[in-house]
Amino acid sequence: MPPTLASLVHHSTLKLTVRAGEDRLDVPVRWAHVSELADPVPYMEGGELLLITALKLDAEDPQTMRRYVKRLVGAGVVGLGFAVGVNYDEIPEALVDAAEEEGLPLLEVPRRTPFLAITKAVSAAIAADQYRAVTAGFAAQRELTKQALSEGPEGLLAVLAAQVDGWAALYDASGAVVAAAPEWAGRRAARLTADVERLRDRPAPASSVVGGPEHEDRVELHTIGTGRRPRGALAVGTAAALGTAERYALHSAIALLTLTTERSRSLQAAEQRIGAAVLRMLLAGQPDHARAVAGDLYGDLLDAPYRIVLAECAAGHAGITEAVEAAAARSGESVLVVPEGEGERLVVLAADGGAAVAACGEYAAGREAARAGQEPSAGEEDDLVIGLSAPAGPIAAAAAYKQAEQALSVARRRGRVLVEHERLAAGSVLPLLADDAVRAFADGLLRALHEHDATGRGDLVASLRAWLSRHGQWDAAAADLGVHRHTLRYRMRRVEEILGRSLDDPDVRMELWLALKATSAE
């Protein structure tokens with residue numbers, strides 16, 4: 001604890017007597033300062049015990065003393081020490097009354113106690129408090145390090161919470177709570193997700209303080225990591241501002257969490273090379289070799305159905321990568337993330353039905369909503385497109401990769417963020433006709449028929465559509481059109497003559513039907 005006025009009054013060698021403000025002696029003293037100026041306020045920082053002899057003060061004038069004391073209290077001076085037996089044999093009543101009125105502790109300093117003794121006592125107490133804080137900080141650092149090595153982040157948070165007499169929580173890069181101590185703090189930490197997300201958008205390292213009527217306590221947030229984008233965040237909640245010892249413990253925890261969450265660049269590069277080699281072997285039809293190379297790093301991922309995700313974005317894939325890796329880390333899944341080419345394409349191999357695939361879908365939905373709502377964040381990764389394969393096993397990796405490529409192509413053509421290959425197979429082929437090249441082909445194929453109908457000499461396009469929809473059944477198609485079947489036969493012969501193609505050819509019928517569907521979708 002820092003020195004207080006009470007500790008100075010109880011100091012056996014100083015012999016100080018309290019003359020006013022007895023109920024405010026527990027206030028900490030930052031320093032003891034001697035000043036005989038009539039207005040020492042410009043030289044005060046707050047928290048000082050001011051020592052005077054009233055050499056330049058009319059200490060017996062009530063009005064002067066009221067102004068003097070009021071100025072001291074406004075400047076944050078915590079106490080006034082008055083030396084008797086120098087200029088005044090005792091403290092004037094005007095000063096005592098003014099101190100009582102303003103609630104400023106007034107201490108009588110006997111002649112035999114030099115101001116230097118009081119200054120030394122304050123300095124020694126401050127030094128002792130700082131030493132205790134540093135010692136406690138080093139002890140906390142040792143315990144934090146021990147828990148980080150043996151129990152991981154959970155053990156470290158438990159020690160940190162005890163050190164600060166509050167709670168602590170760790171967030172991942174996406175802002176989700178990874179761990180909290182004590183257990184009840186997890187729910188409280190989850191309420192700060194929006195604050196963590198705002199902190200993440202600031203240049204690292206960053207910190208902020210959250211407090212106010214809506215919060216039960218004072219919470220400090222700090223980013224974790226050394227790169228431009230933080231690897232996570234640490235929250236510490238306490239009833240009051242942290243002291244020196246608690247601050248040492250907090251900074252030690254930040255350093256240790258950075259070490260445990262921030263892998264070295266060389267290790268990241270090595271894992272990426274292993275992942276790329278595993279992927280190449282899978283695509284080359286060598287699952288046994290891929291499993292041998294994957295080892296414990298990706299081995300369990302290859303033993304169960306997985307999906308392949310292909311993502312393309314000229315602006316990079318930081319957002320989708322963080323979302324997928326954070327989700328996998330929270331659920332304890334393995335996930336293989338490999339950049340391809342010049343980095344514009346990202347390949348992700350993740351467990352089917354796992355958190356990483358779900359995170360991919362959620363991230364895509366968020367990007368889709370941002371585009372639709374024209375939110376400010378829509379500019380980031382605005383050209384992101386994702387293709388997701390159907391579930392596959394090790395021997396079908398090449399087929400899954402092809403499926404992801406096909407889904408990616410459809411997503412790009414439709415202007416969607418994410419397309420699943422399974423949805424394509426379960427849906428209709430007609431949406432795939434929404435392409436300028438297909439429409440141009442359809443317009444060219446049917447142009448002569450439309451020109452014929454424009455002269456008013458028949459309705460060949462509608463007749464062709466009715467005949468094809470009835471699979472060439474003359475009576476049914478004629479009934480749909482409300483004409484005689486001989487009339488319909490004549491019209492179909494005119495279609496063949498104008499197009500120069502036979503309707504007996506199934507390929508011709510298929511092309512005409514798709515052309516009709518493509519033009520009717522406009």
Side-chain angles (χ1 to χ4, degrees), residues 1-37 40-41 43-57 59-60 65 68-73 75-140 163 165 240-248:
M1 289 289 293
T4 63
L5 293 175
S7 65
L8 294 177
V9 170
H10 292 106
H11 197 291
S12 58
T13 62
L14 297 180
K15 309 297 184 183
L16 304 178
T17 305
V18 181
R19 295 295 306 277
E22 292 185 6
D23 57 338
R24 298 194 178 187
L25 297 180
D26 58 346
V27 61
V29 178
R30 292 182 53 195
W31 196 245
H33 181 67
V34 179
S35 177
E36 298 292 355
L37 294 175
V41 166
Y43 306 97
M44 299 290 105
E45 294 182 350
E48 297 91 355
L49 169 62
L50 181 63
L51 304 174
I52 65 172
T53 63
L55 182 64
K56 297 182 179 180
L57 284 176
E60 296 179 332
M65 287 300 94
Y68 179 75
V69 172
K70 194 176 190 67
R71 286 274 291 165
L72 295 182
V73 172
V77 172
V78 298
L80 182 63
F82 191 98
V84 294
V86 182
N87 293 312
Y88 292 91
D89 290 334
E90 60 182 23
I91 302 178
E93 288 300 320
L95 179 55
V96 175
D97 292 343
E100 286 284 8
E101 183 178 334
E102 294 294 333
L104 178 68
L106 177 61
L107 306 181
E108 181 179 303
V109 182
R111 182 178 180 84
R112 64 179 180 274
T113 301
F115 285 166
L116 182 60
I118 300 175
T119 303
K120 283 184 174 181
V122 171
S123 177
I126 291 174
D129 182 64
Q130 291 177 340
Y131 178 78
R132 285 192 297 270
V134 171
T135 301
F138 282 131
Q163 289 290 331
D165 192 22
L242 298 178
T244 304
E246 291 82 5
R247 184 71 55 190
Y248 274 120

>> Restricting to side chain to side chain contact (heavy atoms under 4.5 Å, CB included), what partner residues turn up for R24, sequence neighbours left out?
In response: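 Side chain to side chain contact (heavy atoms under 4.5 Å, CB included) check on R24 returns P105.
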
> E60: what forms a side chain to side chain contact (heavy atoms under 4.5 Å, CB included) with it, not counting sequence neighbours?
Replying inline: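 E60 satisfies side chain to side chain contact (heavy atoms under 4.5 Å, CB included) with D58, Y88, P92 only.
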
Pair up each side-chain donor or acceptor in residues 29-37 with any protein partner under 3.5 Å, not counting sequence neighbours, and list the distances.
residue	atom	partner	partner atom	Å
R30	NH1	G46	O	3.1
S35	OG	L37	N	3.4
E36	OE1	T53	N	3.3
E36	OE1	T53	OG1	3.3
E36	OE1	A54	N	3.3
E36	OE1	L55	N	3.2
E36	OE2	T53	N	2.8
E36	OE2	T53	OG1	2.5

> Can you list the residues that meet the salt bridge (charged side-chain N to carboxylate O under 4.0 Å, His left out) rule with K70, with sequence neighbours excluded?
Replying inline: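 K70 satisfies salt bridge (charged side-chain N to carboxylate O under 4.0 Å, His left out) with E102 once adjacent residues are dropped.
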
>> If the condition is salt bridge (charged side-chain N to carboxylate O under 4.0 Å, His left out), which residues does E246 pass it with, not counting sequence neighbours?
In response: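 Checked E246 against salt bridge (charged side-chain N to carboxylate O under 4.0 Å, His left out); zero matches.
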
>> So, taking the atom named CD1 in I91 and the one named CE in M65, what distance separates them when rounded to the nearest 0.5 Å?
In response: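 One finds 12.0 Å between CD1 of I91 and CE of M65.
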
> Between atom CG of L104 and atom OH of Y68, what is the distance when rounded to the nearest 0.5 Å?
Replying inline: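 The CG atom of L104 sits 9.5 Å away from the OH atom of Y68.
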
> Which atoms form the tightest heavy-atom contact between M44 and A75, and what is the distance?
Replying inline: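 Answer, listing the atom of M44 first, then A75: CB-CB, 4.4 Å.
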
>> For L25 versus T4, what's the shortest heavy-atom pair and its separation?
In response: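 So the two residues come closest at O-CB, 3.7 Å.
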
>> Is the shortest side-chain heavy-atom distance between L49 and L5 below 4.5 Å?
In response: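 Yes; the side chains approach each other to less than 4.5 Å.
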
> Less than 4.5 Å apart, any side-chain heavy atom of V78 and any of P28?
Replying inline: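 They are not in contact (no side-chain heavy atoms under 4.5 Å apart), so the answer is no.
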
>> Applying side chain to side chain contact (heavy atoms under 4.5 Å, CB included) to V84 and F82, what does each step give before you reach the verdict?
In response: CA-CA 6 Å; V84 294; F82 191 98; 4.1 Å; yes

>> The test is side chain to side chain contact (heavy atoms under 4.5 Å, CB included); show your working for L95 and V69 and say whether it passes.
In response: CA-CA 8 Å; L95 179 55; V69 172; 3.8 Å; yes

>> Given 3.5 Å as the limit, does a donor-acceptor pair link the side chain of T135 with the main chain of Y131, or not?
In response: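 Looks like yes, one N/O pair under 3.5 Å.
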
Which pairs would a plain distance check flag for residues 106-122, meaning a side-chain donor or acceptor within less than 3.5 Å of a matching protein atom at least two apart in sequence or in another chain?
residue	atom	partner	partner atom	Å
E108	OE1	R19	NH1	3.0
R111	NH1	G85	O	2.3
T113	OG1	L14	O	2.8
T119	OG1	F115	O	3.2

